[in-house]
Each structure stands twice: as C-alpha cells, then as structure tokens.
Amino acid sequence: EVTDAAGKYVLPGLIDVHVHSRDGENGATYKEDFYHSTMSAAAGGLTTVFEMPNSNPAIYNAEMLEKQIKHLTPKAHVDFAIWGLCLGKLNMHELQALSEAGVIAFKFFWGYAIDSKTYQLIYNYSPGMENAIPPLGDGEIYQMFAEIAKTGKLVGIHAENFDLIQTLTREVEKSGDKSYAAFLKGRPNVAEETIIQTAISFAKQTGARLHILHLAAKEGIDIIKRAQEEGYPVSAETCSHYLALCDEDFDRVGPVMKVYPPVRRREDQEMLWSGLKEGVLSLVSSDHAPHTEEEKAGDLWSIPAGMASIETLAPLMIDAVSQGRITIHELAAVLSEKPAKLFGIYPEKGSLKVGTDADITIVDLQVKHTVKKENLHSKSKVTPFDGFQLTGAPVQTIVRGKTIMKDGEIVSGPVGKFIKPLE
Ligand code: DOR
Ligand code: ZN
Ligand code: ZN
C-alpha cells in the first residue's frame with residue numbers, strides 16, 4: 001500500500017486514556033458498544049484507547065479483566081488497554097493479581113457516596129454486588145493507595161467531594177433555580193480542589209503515582225504544580241470539553257453539555273490551556289461517556305452526565321494547532337508521547353514494543369470541516385461540538401501497519417489487540 005503523506009504530518013499513534021464504551025457481558029450497549037466506540041476512535045485518528053472499568057460487570061479482579069479482554073477483542077478497531085476499579089476492602093487483596101493480569105492503571109470514583117445515583121450505577125453494573133459495597137472511607141482509600149504503590153502503576157482519581165456536592169446541590173434545588181450557574185453552584189470548583197489536595201497528601205505518604213483524571217477546576221493546576229515541583233509523581237489530564245467549552249456555551253449547547261466534573265467558567269478554560277502549555281497537565285482525554293439522545297433530553301438535574309467525545313478529541317486538538325494555541329509537537333506530546341510514557345507503553349530504545357509497532361496517525365493541518373453529529377461513528381450522537389467548524393483533521397489511522405481509517409472512512413474490520421504496560 002502506498003501512502004501519499006506529502007504536505008501532511010506523520011505522528012505517532014494518538015492515544016485516548018479515558019473512555020467509557022459501556023460494553024461488557026451485561027453492558028449498557030443500547031448507549032454504546034466497543035465496536036462503535038473504537039470505530040469512532042479510529043475515525044477520529046486514535047490508534048489506542050484505554051477503557052474505564054465502570055462497565056457491567058465492573059473490572060475489579062483478574063477474572064473480570066480476562067473476561068472483558070475476550071469480550072472486547074473481537075470488536076476492537078484499535079488497540080486497547082483496560083483500567084482496574086478500586087472498591088476498597090472488597091477488592092483490596094485482588095489488586096496485585098489484577099495488576100499482574102495486565103490492567104493499565106487503577107481508578108477511584110472518589111466522592112461517589114453509596115447513596116449517589118451514579119455510584120449506585122457503577123455498582124449495579126456488577127451483578128450480585130449491589131448491596132455489598134459500603135462507601136469508601138478515607139482510611140480505606142489510603143490503604144488502597146499503599147497497595148497500588150507496590151504495583152508501580154498509576155492511581156487515577158475522579159476528584160469530586162460528594163458530601164459537599166450533596167449539601168450544595170440540595171440547597172440549589174430548594175431555590176428552584178434551574179440555570180447552568182445554579183448547577184455550577186451545586187458542584188463548585190472547591191469540591192474538586194479539596195479531593196485533589198487529599199489525594200496528593202495520600203500519594204506523598206504512600207509513594208503511589210497519582211493521576212488526576214479530567215481536571216476541570218483551575219485551582220487544581222496550582223496544587224498539582226506545587227506537588228510536581230516538590231518532586232512527587234503527580235500527573236493530570238484535562239478533557240477536550242473543558243478546553244473547547246465554558247459555561248457561556250450552555251445557552252447554545254444545552255443539557256448535552258452536562259458532565260462530571262462540570263464544564264466550568266471561562267477563566268477555568270483559559271487556565272487549563274495554560275496548564276497544558278506549561279506541562280503541568282500532561283495530556284488530554286475525551287472521557288467519552290455516551291448516553292442516548294432521549295436520556296440527555298431532560299432537565300439538567302435529572303439527566304445523566306457524559307457525552308460522546310471520542311471522535312472529536314484529536315480533531316479539536318488539531319484545530320488548536322491550526323489556531324496557534326499549541327504546536328504540532330505539543331499535540332504529539334499530549335496525545336501520544338506523554339500518555340505512553342506515563343502509563344508504561346512507551347517503546348524502549350531500539351526495540352519495538354507493544355502498541356508502538358507502526359501505530360501512526362497522519363494529520364492534514366489545512367483541511368476545513370464541520371463536525372456533524374449524524375456523521376459520528378459512535379452509537380450515541382450526543383455531542384456538544386455539533387456544528388463546530390474546524391481546521392485540520394486526522395486523515396489516516398494506521399494500527400500495527402494496517403490502515404483502519406482513510407479520509408474519514410473506516411476501511412478495515414476490527415484488528416485491535418489488548419495491550420499491557422511494559423514490564
Ligand atoms: O460525566 C461523567 N460520566 N463522569 C464520570 O465520571 C462518569 C461518566 C460515565 O461513565 O457516564
Ligand atoms: Zn470520572
Ligand atoms: Zn470518565
């Protein structure tokens with residue numbers, strides 16, 4: 001096969017470390033499945049995705065991981081890794097085995113109390129476990145950090161202070177104010193900030209490598225930066241929606257924009273861009289979390305959080321290159337090099353290792369296009385980016401030497417493989 005890449009940029013395969021494809025033996029596949037999410041990934045220029053563990057069943061031990069690998073492999077259009085879920089004392093003693101079985105990293109839904117709808121949802125994903133799960137106390141979380149530290153893998157946290165959110169949201173609900181500003185009052189920056197602070201102190205004491213998932217609040221940046229300057233292995237990501245949107249977009253975009261943590265204010269958006277430029281934030285993920293259009297149609301308080309964002313991740317970041325926000329080198333760093341290094345799938349000198357053998361994304365910086373939700377390859381067409389006019393796009397996705405996407409079309413069946421961190 002001859003590829004004419006003249007005038008284009010040939011980049012190392014782009015990676016999305018944060019994807020909820022909803023698939024699994026009892027998956028919510030009416031929302032999304034792995035066949036569609038990875039097709040969407042390939043269409044959007046990604047060669048590797050990291051699947052989150054809040055699937056049904058959830059990925060909380062080695063056996064569940066093995067099953068999920070078998071379940072997902074035939075549907076994978078791109079290579080994939082899988083996160084392991086931390087459930088406190090329920091799987092404290094399974095973490096070593098789960099690590100050896102090949103999870104890419106470990107995830108905490110910190111701050112999701114047992115009586116929160118979302119936390120229930122995570123647990124209801126796991127048949128027979130519905131009533132068995134107590135809310136995680138700080139002591140338990142500390143112990144899990146210590147366990148994970150032994151594996152050398154990252155501990156990723158969803159940082160939202162649920163006690164605070166519950167209290168504030170109740171107050172806002174009483175006021176009857178249904179505006180986006182009221183929604184933000186219920187889930188303020190400080191709810192994120194306080195958990196990040198606690199997590200960093202736990203990481204410092206246990207030696208765990210900490211990764212802050214989907215940072216949305218500007219306050220997080222300084223706290224994370226300080227820990228990094230002190231020499232602690234603390235990293236963070238933000239998502240394309242926090243970079244491309246702010247509260248001012250709500251009137252136009254509507255409830256589709258609801259996501260946890262919420263899209264915040266313009267000053268947060270600007271600070272996240274600077275944090276990325278400065279390198280305090282290592283990478284950008286999609287947090288692809290699809291729901292159906294019907295589910296997303298209600299009012300802000302009752303609808304689920306999350307959007308279909310896997311296919312627009314790279315295009316939005318490529319557009320940022322065209323706009324002069326970041327350089328093409330920074331793009332390659334935040335969507336490929338840095339995630340590969342952080343999660344341990346970066347090739348060693350002179351060797352071809354897992355996930356790196358001719359995983360290539362070819363980018364055209366000139367092409368102008370408009371995001372159309374009906375053209376997304378995901379099952380869910382719920383995107384806040386419908387109608388966005390972008391300059392630059394991924395035009396070819398190559399996984400282990402095989403072209404999966406060419407000029408926006410999927411040209412191959414599933415060839416994706418499960419990948420583990422290098423030993
Ligand atoms: O908005 C979100 N949706 N945030 C999360 O942390 C979970 C995700 C989901 O799985 O729906
Ligand atoms: Zn999350
Ligand atoms: Zn997520």
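Order of listing sets the numbers, starting from 1, for every ligand and every atom in it.
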- Task: Please confirm if an N, O or S atom belonging to His214, backbone or side chain, lies less than 2.8 Å from the Zn ion (ligand 3).
- Result: no
- Message: With heavy-atom distances below 4.0 Å as the criterion, list the atoms of ligand 1 near Val259.
- Response: 1 (O)
- Query: Heavy atom under 4.0 Å from ligand 1: found in Ala305's side chain, backbone, both, or neither?
  - Reply: both
- Just distances here: any N/O of Asn54 and N/O of ligand 1 closer than 3.5 Å? yes
- Message: Please work out, at 4.0 Å between heavy atoms, whether the side chain, the backbone, both, or neither of His291 comes within that distance of ligand 1.
- Response: side chain
- When the ring planes of Phe108 and Phe145 are compared, do they come out parallel, tilted or perpendicular, using 30° and 60° as the limits? tilted
- Message: Taking N, O or S atoms only and a limit of 2.8 Å, check whether His158 reaches the Zn ion (ligand 2).
- Response: yes
- contact_flag Arg22 ligand 1 heavy-atom lt 4.0 Å: yes
- Query: Salt bridge check: are Asp33 and Lys75 linked by an N-O gap of less than 4.0 Å?
  - Reply: no
- Please state whether the rings of Phe388 and Phe385 are parallel, tilted or perpendicular, taking 30° and 60° as the class boundaries. perpendicular
- Look at the rings of Tyr180 and Phe250 and say which category their plane angle falls in: under 30° parallel, 30 to 60° tilted, over 60° perpendicular. parallel
- Where Leu215 and Thr238 come nearest, the two heavy atoms and their spacing: O-OG1, 2.7 Å
- What are the atoms of ligand 1, with element, lying closer than 4.0 Å to any heavy atom of Ala289? 3 (N), 8 (C), 9 (C), 11 (O)
- Lys/Arg-Asp/Glu bridge criterion (N-O < 4.0 Å) met for Asp249, Arg252: yes
- Query: Can you list the atoms of ligand 1 that are under 4.0 Å from a heavy atom of Gly306?
  - Reply: 1 (O)
- Task: Could you check Leu14, Thr397, Leu11, Asp79 and say which one makes a side chain to side chain contact (heavy atoms under 4.5 Å, CB included) with Thr47?
- Result: Thr397
